Amino acid sequence: MEKGLISVDRWTEHSQAYFLTHLHSDHTQGLSSSWAKGPIFCSRLTAKLFPFKFPGFNLSLLRLLAVGTWHSISLVSPSSASSSTLQVMPIDAHHCPGAVMFLFRGEFGCLLYTGDFRWETTSKRAEIGRTMLLNALKDDVVDILYLDNTYCNPSYAFPSRAIIAQQVIDIIVSHPEHDIIIGIDSLGKEDLLLHISHELKIKIWVWPERLQTMHLLGFHDIFTTKTSLTRVRAVPRYSFSVETLEGLNTMHPTIGIMPSGLPWVVRPLENGDKLFGSLLTSRYNRSKWSGNGGNHTEKPNGNLGSVEKFHKYIYSVPYSDHSCFAEIEDFVKLVQPTNMKGIVSSSSCYVDPLYYFGRLCGAYQSAQSLPHNKRKERVERVLAVNNKTTFRCGASAGVERKRAMTVKVKSSGIHASRMSALRRKKRGAKIEENDRPN
DNA sequence: GCGATCAGTT
DNA sequence: CACAACTGATCGC
């Protein structure tokens, strides 16, 4: 029954075309240098980085899609052998270099797959992305939004990356004699390092492979592999540990900065008097974050206000490449999809995005009233289409059924149940034909 | 050697 | 402890 049309960030099944949102390894599981199942559509930058991640990959399989423009792709239906045309537009996801969302139009309707994304509202780049998306959507209605729901819970509230970057500067400046270690992954957080380099007029050490990546990204005079040139080093996150810091401190005073992790988790709103996290949470101050900058702090004992020091040598800062709850909400309000599904379900506190945002959806609105609502007509048209073309998400039909049941529970007003039984890794999505809904 | 899975790490 | 993203060990082929 595998009659897939297209796959997004999924590599296990056979499809007519494959789409890759970005090159983080949790989106490329099943993809390898010996890939031969079919063409892969991605952004220009992702394609540029591709050989580094997959040496020896047959690059003729890559199809470059320019960000912000529509592309037509002809596909042959595996079931009927008839050809159909798919339109796709990649849109900057502001997640890591090359990361895009995909907006699809075709017989199946209009689908938006965000991949991983950060939807900040403050930066110039965010404004461009917003305009691009609005122009792309025009009068069209997104039938299904596949949403990065990593932090889709009101307890996830954190400031923009620009504000956190400035806090990192403050940490470094307040340790003028220390070496600085920053934990990063193989892709992402470049803007933070560029900010440090620019503000402090200092080069940043990276490991040799990362320097190659930086060169591919076009950064040539900022990073170095010579330790003698700088006191700031970006190291692989997996080599960043308490032991590492303690070892380094036997030789030279050194602090670590971890721009990630979840020590910034604040208490869940529905459970106000019971701390969800540890004592770490109490020092985070929302009002400081929501202010303009809010980075100049009182520094008791040399600490910085909303920056968390959770170890003698380690600071944790909430620099996230995923949208916080408020940003996800902004995004859903902007897109106003008819329906939506979360693409991440690994969290033990996973809650279907419909639980929080269902009221913003067309499906909910049209179910309420207005038989002549344009949106409702559209929904019905799409539902008919969906009888033969279904956007399937997940590893197996069985798991997908459970998910559908969950949606039903949520929309009937029952409090969201936790879905730890459904723990799964992040998945991609796949369009299949002749897949009977339920 | 290859991919898949599992157990760790921040 | 929660996450995302990653390494490394192990297993079957």
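So you know, we letter chains A, B, ... as the sequences are listed, proteins then strands, and number each from 1. A quick note: this is a predicted structure, and the numbers were derived from the prediction, not measured.
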query: Between A:Arg359 and A:Glu329, is there a side-chain N and carboxylate O pair less than 4.0 Å apart?
result: yes
- prompt: What is the distance from CG of A:Asp185 to C1' of C:dT7, rounded to the nearest Å?
  reply: 11 Å
message: For A:His95 and A:His24, which I'm curious about, is there any donor-acceptor pair between the side chains at under 3.5 Å?
response: yes
- request: In whole angstrom, give the distance that lies between atom CD1 of A:Ile181 and atom C1' of B:dT10.
  value: 14 Å
- prompt: Side chain of A:Thr150: nearest nucleotide among B:dT10, C:dC3, C:dA5?
  reply: C:dC3
query: Does any pair with a residue in residues 217-247 of chain A pass ring-ring contact (aromatic ring centres under 6.0 Å, His included), and if so which ones, sequence neighbours excluded?
result: A:His215-A:His220
query: Once the angle between the rings of A:His27 and A:His22 is folded into 0 to 90°, is it parallel (under 30°), tilted (30 to 60°) or perpendicular (over 60°)?
result: tilted
query: In whole angstrom, what separates A:Ile257's CD1 from B:dT10's P?
result: 17 Å
query: Quick one: is C:dC6 close enough that its OP1 or OP2 comes under 4.0 Å of any side-chain N or O from A:Ser186?
result: yes
query: Do any pairs count as a salt bridge (Lys or Arg N to Asp or Glu O under 4.0 Å) and have a residue in residues 193-211 of chain A, sequence neighbours left out, and if so which ones?
result: A:Glu190-A:Arg210
message: Categorize A:Gly188 for me: base, sugar-phosphate, or nothing, with a 4.0 angstrom heavy-atom threshold over every strand shown.
response: nothing
- prompt: Taking the six-membered ring for Trp, are A:Tyr18 and A:Trp11 parallel (under 30°), tilted (30 to 60°) or perpendicular (over 60°)?
  reply: parallel
query: With under 30° as parallel and over 60° as perpendicular, where do the rings of A:Phe57 and A:Phe54 fit, or are they tilted in between?
result: tilted
Gap between atoms CH2 and C1', on A:Trp11 and B:dT5 respectively (whole Å): 20 Å
Per-pair distances, 0.1 Å, donor-acceptor, side chain in residues 38-45 of chain A, under 3.5 Å, sequence neighbours excluded:
residue: A:Ser43; atom: OG; partner: A:Thr46; partner atom: N; Å: 3.2
residue: A:Ser43; atom: OG; partner: A:Thr46; partner atom: OG1; Å: 3.1
residue: A:Ser43; atom: OG; partner: A:Gly98; partner atom: O; Å: 2.7

- line: By salt bridge (charged side-chain N to carboxylate O under 4.0 Å, His left out), A:Arg105 pairs with (sequence neighbours left out) A:Asp140
query: So does A:His95 get a side-chain nitrogen or oxygen closer than 4.0 Å to the phosphate oxygens (OP1/OP2) of C:dA4?
result: no
query: Does anything in residues 31-42 of chain A reach DNA chain B, meaning a heavy atom under 4.0 Å, and if so which residues?
result: A:Ser32, A:Ser34
task: Please report, rounded to the nearest Å, how far the C1' atom of B:dT10 is from the CD1 atom of A:Ile314.
output: 8 Å
task: Quickly work out the A:Phe240 CZ to C:dA4 P distance and round it to whole Å.
output: 19 Å
message: So, OP1 or OP2 of C:dA5: does either fall under 4.0 Å of a side-chain N or O from A:Ser25?
response: no
query: Less than 6.0 Å separating the ring centroids of A:Phe325 and A:Phe357?
result: yes
field: Interatomic distance, A:Leu23 CG vs C:dC6 P [rounded to whole Å]
entry: 9 Å
statement: Atom CD of A:Gln29 and atom P of C:dA4 are separated, to the nearest Å, by 13 Å
task: From the options C:dC3, C:dC6, B:dT10, select the nucleotide whose nearest atom is closest to the side chain of A:Tyr156.
output: C:dC3
- prompt: Hey, does the side chain of A:His27 come within less than 4.0 Å of C:dC6's phosphate (OP1/OP2), counting only N and O?
  reply: no
For nucleotides 10-13 of chain C, tabulate all protein N/O to nucleotide N/O atom pairs closer than 3.5 Å, reporting atom names and distance.
none

